[in-house]
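This report concerns only the one structure given below.
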Amino acid sequence: AVRDRQSDSWLERHVAKGHRLEGTVRVLANGEAIPQNGGPQLGEALYFTSGERELVTSLLCEVARPSRSTIQEYS
């Protein structure tokens, strides 16, 4: 699931949903993006691919599990 930072609500649709997480990217203060090994860490961007499409998200600021009722809304 993906949560919108401004509204704090879980998004029904997001480009990253259903795509494979390929890795993470650490963005340095000078804007340089460095690929990272290992699992996602706070402060890193997530890198997803799906065929021809690539997506680098904004920086990961929290990892949380949606409530059961939110998950049921996705069905």
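It should be emphasised that the depicted structure is a prediction, and the values quoted were computed from it without experimental measurement. These numbers come from the heavy atoms of this one structure, side chains and all, not from hydrogens, waters or symmetry mates.
- Residues meeting the side chain to side chain contact (heavy atoms under 4.5 Å, CB included) test with Gln6, sequence neighbours left out: Asp4.
- With sequence neighbours excluded, the residues satisfying side chain to side chain contact (heavy atoms under 4.5 Å, CB included) with Ser58 are Arg5.
- Tested against Tyr47 for a side chain to side chain contact (heavy atoms under 4.5 Å, CB included), the candidates Arg20, Glu22, His19 yield a single pass: Glu22.
- Between His14 and Leu55, the closest side-chain pair of non-hydrogen atoms falls below 4.5 Å.
- Note on Val15 and Phe48: same hydrophobic cluster, where clusters join Ile, Leu, Val, Met, Phe, Trp and Tyr whose side-chain heavy atoms are under 4.5 Å apart, directly or indirectly.
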Distance-only check: which donor-acceptor pairs under 3.5 Å involve side-chain atoms of residues 32-43, not counting sequence neighbours?
| from | atom 1 | to | atom 2 | distance (Å) |
| --- | --- | --- | --- | --- |
| Gln36 | NE2 | Ile34 | O | 3.2 |

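- Hydrophobic clustering (side-chain heavy atoms under 4.5 Å, transitive across Ile, Leu, Val, Met, Phe, Trp, Tyr) groups Val56 together with Val27.
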